[in-house]
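This report concerns only the one structure given below.
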Protein chains: 2
Amino acid sequence: MKIAEVSEKYGLSLDTLRYYERIGLIPTVTRTPNGIRDYGEMDIKRVEFIKCMRSAGLPIEVLIDYVALVEQGDSTVDARKEILKEQRVLLAAKIEDLQKTLNLLDYKISIYENKLPTK
Amino acid sequence: MKIAEVSEKYGLSLDTLRYYERIGLIPTVTRTPNGIRDYGEMDIKRVEFIKCMRSAGLPIEVLIDYVALVEQGDSTVDARKEILKEQRVLLAAKIEDLQKTLNLLDYKISIYENKLPTK
DNA sequence: ATAACGCCTGGAGTTAACTCCAAGTCAAGG
DNA sequence: CCTTGACTTGGAGTTAACTCCAGGCGTTAT
């Protein structure tokens, strides 16, 4: 799969995809004989995963570590699991926070709606 | 209330509080005769609101606009309500996204847990 | 065959949101 | 009286995560 298609498919710019590769987030992308990126199935999956995690606010740094562990093979399974678990906890907390903020927004909106004193 | 107490209470650094004031997020903070910040009740409420919204990822730019409208008085009630509603929609969508990501994390963790093939 | 297109590279620039710093004022303690 | 400590200011520096650019190459379209 060409970079333009990947870009299209996941809503990431060409620059972003190249940037991700540079910093080690997608280290396995191969090239055609004349040097053009050709994303394999695994690369695509990885991009999807990265996209998802990034949009949840997971830092790139963490993803780099994770990907590096994956590249190191099966001996790193435990370390990887730990990373994911840690991020799971953080994410769950974040969702709770956001939910509270959403409630606050709803409350404020309802006040405006009912034309009560603004404060 | 002194700036140090506000900082303590909301976990925002002194620099951040001063920065917020500079950019117009907390325009109403008064000073003691010798120039030291003295946060009033309204300022405190505003800091709390800002803190909450910021931790939900609401851009500072939006908050500046909102606060400016509040300062302009009752004629801006509708505009303010619109801002909040818009942000509410964005936030709800974000929560949904995060929830999906959380599910994906859980799925991945469960795979590691069951020692199924890594991939 | 020449122009346009899509891709490549390394490196510089941008943006949001802080965060730090130097230099200065003031009030209280030893 | 001198130091310590909390506060002030304007401005510069930092960080994460892109985003843009100039210069170049190889294939496709006219």
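Proteins get letters first, then strands, A, B, ... in listed order; numbering begins at 1 in each.
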ask   = Taking only residues two or more places apart in sequence, or in another chain, which ones meet R18(B) in a salt bridge (charged side-chain N to carboxylate O under 4.0 Å, His left out)?
value =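 Checked R18(B) against salt bridge (charged side-chain N to carboxylate O under 4.0 Å, His left out); zero matches.
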
Stretch residues 83-97 of chain B: residues that reach within less than 4.0 Å of DNA chain C through a heavy atom =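 Residues of residues 83-97 of chain B under 4.0 Å from DNA chain C: none.
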
query = Side chains of V6(A) and L12(A): does their closest heavy-atom pair fall under 4.5 Å?
reply =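 No - every pair of side-chain heavy atoms lies 4.5 Å or more apart.
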
ask   = Going by distance alone, is a donor N or O of one side chain under 3.5 Å from an acceptor N or O of the other, for Y66(B) and R80(B)?
value =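 Not at all, the side chains of Y66(B) and R80(B) share no donor-acceptor pair under 3.5 Å.
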
ask   = Between N34(B) and T32(B), do the side chains contain an N or O donor and an N or O acceptor separated by less than 3.5 Å?
value =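 Judged by distance alone, the side chains do pair up.
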
task = Please check if the side chain of T30(B) supplies one atom and the backbone of D38(B) the other of a donor-acceptor pair under 3.5 Å.
result =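 Looks like yes, one N/O pair under 3.5 Å.
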
task = Could you tell me whether a side-chain N or O of K81(B) sits under 3.5 Å from a main-chain N or O of Y112(A), the two making a donor and an acceptor?
result =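 Not confirmed, K81(B) side chain does not pair with Y112(A) backbone.
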
query = Mind checking what makes side-chain hydrogen bond (donor to acceptor under 3.5 Å, both in side chains) contact with T28(B), not counting sequence neighbours?
reply =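 T28(B) satisfies side-chain hydrogen bond (donor to acceptor under 3.5 Å, both in side chains) with D43(B) only.
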
inquiry  = Check E21(A) with R37(A), please: is the shortest side-chain N to carboxylate O separation under 4.0 Å?
reply    =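 Judged by the 4.0 Å cut-off on N to carboxylate O distance, R37(A) and E21(A) do form a salt bridge.
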
key: Residues E113(A) and K85(B) bridged, charged N to O under 4.0 Å   =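 Yes, this pair counts.
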
task = Establish, for the pair K108(A) and F49(B), whether the NZ or CZ atom is under 6.0 angstrom from the six-membered ring centre and no further than 45 degrees off its axis.
result =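 Yes - K108(A) lies over the ring of F49(B), closer than 6.0 Å to its centre and within 45° of its axis.
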
ask   = What are the residues of residues 1-10 of chain B, sorted by number, that bring a heavy atom to within less than 4.0 Å of DNA chain D?
value =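 K2(B), I3(B), A4(B), in order of number.
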
request  = Kindly state which residues belonging to residues 23-40 of chain B come within less than 4.0 angstrom of DNA chain D, counting heavy atoms of the residue only, listed by number.
outcome  =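 Within residues 23-40 of chain B, the residues near DNA chain D are R31(B), G35(B), I36(B), R37(B).
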
key: Closest non-hydrogen atom pair, Y39(A) against K2(A)   =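 The pair with the smallest heavy-atom distance is CD1-C, 4.3 Å.
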
ask   = Could you run down nucleotides 12-24 of chain D 5' to 3' and tag each one B, S or - for protein heavy-atom contact under 4.0 Å?
value = -----BBBB----

query = salt bridge (Lys or Arg N to Asp or Glu O under 4.0 Å) between R46(A) and E71(A): does it pass, once the steps are laid out?
reply = CA-CA 12 Å; R46(A) 189 161 285 172; E71(A) 290 313 299; 2.9 Å; yes

